[in-house]
Every structure is written in structure tokens, then in C-alpha cells.
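Comments concern the structure below.
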Amino acid sequence: MTDTVPPIDRRRLLQGAALLGGAGLLAGCATGRGGTVMLMSSVKASAGAPAAGAGFAPIHASEERLFDITVCLRPFRAAGPRIETEQVGDTLVVHNYGHGGSGWSLSWGSGTLAVRMAMANSPAEVAVLGCGALGLTSAILAQRAGAKVTIYARDLLPDTRSSRATGTWTPDSRIALEDQAAPGFAERWEEMARISWHTYRSYLGLPGTPVEWQDRYYLSDATPQAHGEDDAPGALKFATYGDRVRDISPAPVLVPAGTTPFPAKYVRRFSSMTFNIADYGHTLMTDFLLAGGRVERREFHAPSELATLKEKVVINCPGYAARALWKDESVVPVRGQIGWLIPQPEVNYGVVYYDVNVVPRRDGIVLQMLEGGDMRGYKDDNESPDRAEALEAVKRVAALYSRFGKPAAAG
């Protein structure tokens, strides 16, 4: 039986290169119903590739190994993240939310901008609202700036939406719309991306492997066509900024046929940072507490409640909860679901195949459906797991590995 391989949508292909910093891919890819292929003008051929099968442990994809299904809501704003100040009574609130699918990737850069605003008058104490990706990094940065910091949050990191993220470097994933991004946002995005990239380097090589580099492979069979899912009628034009940071990571390469065990005509490899969120989050929380930070479990129901805090500077990092707390309807939910396979420590590479993104993390192998491109999950606030979706992803990955090591089908 031969599987028909649909395309990898244009946006996800961009996230395979531009979002990891290898923006050379941006200039030379096209998508279509038959598949996605990089144009040779923008992709280097891989020299000295390993022998087929070398270093590639097969992924064991089966329903029996599916141990969890998690759902998160990405907080998307068409104008880009809200990073600005607001006065609530005698309290200065610095907003830091609305990062779409780029929260972890941009957290250090976005937090840096927010902390600059928060520390403008050198407050001795700072409160941070939220204990997700943006909250924890903002709290640590405020500590480094000299403030005594308390995090106020209903949920600690393991119970936040941030903990249910894919965990890869995707700094412009659903970050803004092309025609609605705020003036100067591209420059602000670049500053955030570069700060974050530099900061993540200091977490490489630490015990527990909170952050690590991985090779990932895009597989496709057909020749490129002019249009993809993101060009469908009614599809929004999400902004892409990867060409602004093409210098900070390895370029993607087209792998010569027969040098990998993947049964696809076209194989493209890139290297990307992966965030092992369980270990990374534990590292962040430990750093925060060791530096004297405090955490108080508390839920806020109205902005006016922030004025009751003893701290008169608050960095507001509620993620999608900003829509309800601040009545901010510019925050749009974008649903994302992950199916989790039992970890395989021997698997040290990722794959995008048949519209499924496969990311091996230390806490499990992530399977994420990509069909529909960036419009997938848009305005969908349903956080209930969809088992049928998860099983479809498992089925597609299982089909790939049933042909692992075999030549690609002729056609």
C-alpha cells in the first residue's frame, strides 16, 4: 500500500527554518496539494551525509503508546503582543501578553522590554502576574535588574497553558497579521528574537537538558506548486519575520537521496532548539526561588484588584486569560493539541511528515497535526482533547515507520 503524502503547509515549512533562524528557506519554498519542496537556489546540498539508517532509531507509534493528549490556547493578537504600560489606581501595570505561538521563543526578549518599563523608576519591589513562560522569565529578569519579586498566580507552571506548548524555537509563529502589525513591530520583534536566542544559549548543556539542539527532517514526495493551505480563500496573512534573523542559526540543507532511511523523495534537514519544558520550567522556578523570589497562589477577577497589592509595579503576563481579566477582545484563541507517545531516549531527531509535526522531548514524543496551516484552531477556544485527532496523527507516523529504510515510491 502506498500512502499519498499531502503537502507540508507553507507556514509550517517557514517555521522549520525561519523560525529556528535559518531564514534562507524563506526565499525558496512553495507549497501545494502534492507536497513541498525547497528550491535549490535557496537550499544548500548536504555534503558528507551519513549512511542510510545511521543514527536514526525508529519511532514506535501505536495507540498503546499514546499516554496523554493535551490542549493549549495560544493568545494571538493581530497587532502583535501587548507590551506597554497602563496605570491602575496608584499601580503601574506593564502588559506582556498576546504572543501567539511564540511565547517560549520570545519570552526572554519580551520580558526584557517589559522589565525596562517596569524598572524605569527603580522600584524596590515588583509583582508579576502569571507563572507561565512570560511570567517566569519576566520575574527572573526583574530580579536581575535588582527588584524583589513576587509571582501571583492561580496556577503554577505545570498547570498553565505554557506547559502544554510544543517546545520548539518558533519566534514568529502566529505573532501578528501582515496588515495589522503595529508600526515598528518588525524591529521590535527582531530585538526580542535576538535577545531570546542569546539567552537560550546559556541553558544549553545544563543538567537535565532543559534546552538542546536537534536535527529535524521535512519529508515530501511531490514537486512544488504555487499555492498552499495558507492561500485558501479566507485565510489570514500571518506576518513572517524570519529573514531578519537569518544569520543566527544554521541554514537548512537538502539531503541527497538515499542517505537517510526516510521513504520520501525529498528530505530537508535543519537544526533547531528544543525546549524540554518539564526540565526547563523546573530550572527557571529553581533559579527564581534561589534568588529570593516568592510565589503566592492567587486569582484575580478584575484589574482593580491589582491596586490592592503591596507592590506598586506589576508585570502582567496572564496569557490567554487576559481576554477575560482585561476584557481584551483583541486576544484571539488559537487551539493547539498534542498527542504524547512514551519517550524514547534513543530518538534524537524530529520529523514533519503528512502534516504531522513530530518532536522528541525528554518527557515524551510530541505529535501535532498541522493540516490547515496557521488557520488551524483559529478562534477555537475548546480545550477538550480530541482523541480522534490524536489517533490520526499516530496512524500517519506509524505508516511512515512501516516503510522506514525502504526506498521512496517511484512516481
Side-chain angles (χ1 to χ4, degrees), residues 5 8 12-22 25 36 38 43-62 65 105 165-170 200 204-205 209-221 249-280 338-370 393-394 396-408:
V5 182
I8 300 165
R12 289 293 171 253
L13 187 57
L14 297 180
Q15 289 179 359
L19 303 185
L20 60 90
L25 177 63
T36 305
M38 291 185 188
V43 183
K44 300 177 181 178
S46 177
F56 292 95
I59 292 174
H60 305 312
S62 66
R65 295 182 66 85
S105 298
T166 308
T168 55
W169 171 255
T170 57
Y200 273 120
L204 293 166
T209 320
V211 180
E212 63 183 321
W213 281 92
Q214 289 181 342
D215 285 344
R216 301 183 67 198
Y217 295 83
Y218 281 90
L219 314 179
S220 59
D221 284 338
S249 79
V253 296
L254 182 65
V255 179
T259 58
T260 75
F262 299 117
K265 294 180 181 178
Y266 304 98
V267 177
R268 295 162 295 281
R269 183 184 68 230
F270 65 89
S271 298
S272 175
M273 281 192 295
T274 297
F275 313 133
N276 291 302
I277 293 175
D279 286 322
Y280 178 48
I338 289 173
W340 294 87
L341 297 179
I342 295 172
Q344 291 182 239
E346 72 276 15
V347 176
N348 59 3
Y349 65 91
V351 173
V352 177
Y353 167 79
Y354 203 162
D355 282 323
V356 181
N357 184 28
V358 182
V359 180
R361 285 177 21 188
R362 300 304 172 106
D363 54 347
I365 296 178
V366 167
L367 304 185
Q368 181 182 36
M369 293 291 289
L370 303 178
V394 171
R396 295 184 186 192
V397 175
L400 169 66
Y401 284 94
S402 71
R403 298 184 287 121
F404 200 56
K406 300 177 182 178

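Just so it is clear, the model here is predicted, and its values are computed rather than measured. Because only heavy atoms are used, hydrogens play no part in the values below, and waters and symmetry mates are left out as well, while side chains stay in.
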Between [X] and [Y], which heavy-atom pair has the shortest distance, and what is it?
X	Y	answer
His60	Gln344	N-OE1, 2.8 Å
Trp340	Gly364	CE3-CA, 3.9 Å
Val211	Leu204	O-CD2, 3.4 Å
Ser105	Tyr200	O-CE1, 3.8 Å
Arg216	Val352	NH2-CG2, 4.0 Å
Val347	Ala57	CG2-O, 3.9 Å

Taking the six-membered ring for Trp, are Tyr349 and Tyr401 parallel (under 30°), tilted (30 to 60°) or perpendicular (over 60°)?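 Tyr349 and Tyr401: tilted rings.
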Between Tyr217 and Phe56, what is the ring plane arrangement, given parallel below 30°, perpendicular above 60°, and tilted in between?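 Perpendicular, since the angle between the ring planes exceeds 60°.
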Measure the [atom1]-[atom2] distance between [X] and [Y] for me, rounded to the nearest 0.5 Å.
X	Y	atom1	atom2	value
Asn276	Asp363	CG	CG	6.5 Å
Ser271	Trp213	OG	CH2	6.5 Å
Thr170	Asn357	OG1	CG	9.5 Å
Ser220	Arg268	OG	CZ	3.5 Å
Ile277	Thr166	CD1	OG1	7.5 Å
Thr274	Trp169	OG1	CH2	12.5 Å

Candidate pair Tyr353 and Val397, rule side chain to side chain contact (heavy atoms under 4.5 Å, CB included), full reasoning: CA-CA 7 Å; Tyr353 167 79; Val397 175; 5.7 Å; no
Starting from the C-alpha separation in whole Å, work towards a yes-or-no answer on side chain to side chain contact (heavy atoms under 4.5 Å, CB included) for Phe262 and Val255. CA-CA 11 Å; Phe262 299 117; Val255 179; over 6 Å; no
Do any N or O atoms from the side chain of Asp355 and from the backbone of Leu370 form a donor-acceptor pair under 3.5 angstrom?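 No, Asp355 side chain to Leu370 backbone: no donor-acceptor pair under 3.5 Å.
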Arg362 side chain to Thr209 backbone, donor-acceptor under 3.5 Å: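 Flag not set: sc Arg362 to bb Thr209 has no pair under 3.5 Å.
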Give the intermediate values and the outcome of side chain to side chain contact (heavy atoms under 4.5 Å, CB included) for residues Thr260 and Arg269. CA-CA 11 Å; Thr260 75; Arg269 183 184 68 230; over 6 Å; no
Let's go through Leu400 and Leu219 carefully: what are the C-alpha distance in whole Å and the side-chain angles of both, what is the deciding distance for side chain to side chain contact (heavy atoms under 4.5 Å, CB included) to 0.1 Å, and is it a yes or a no? CA-CA 10 Å; Leu400 169 66; Leu219 314 179; 3.8 Å; yes
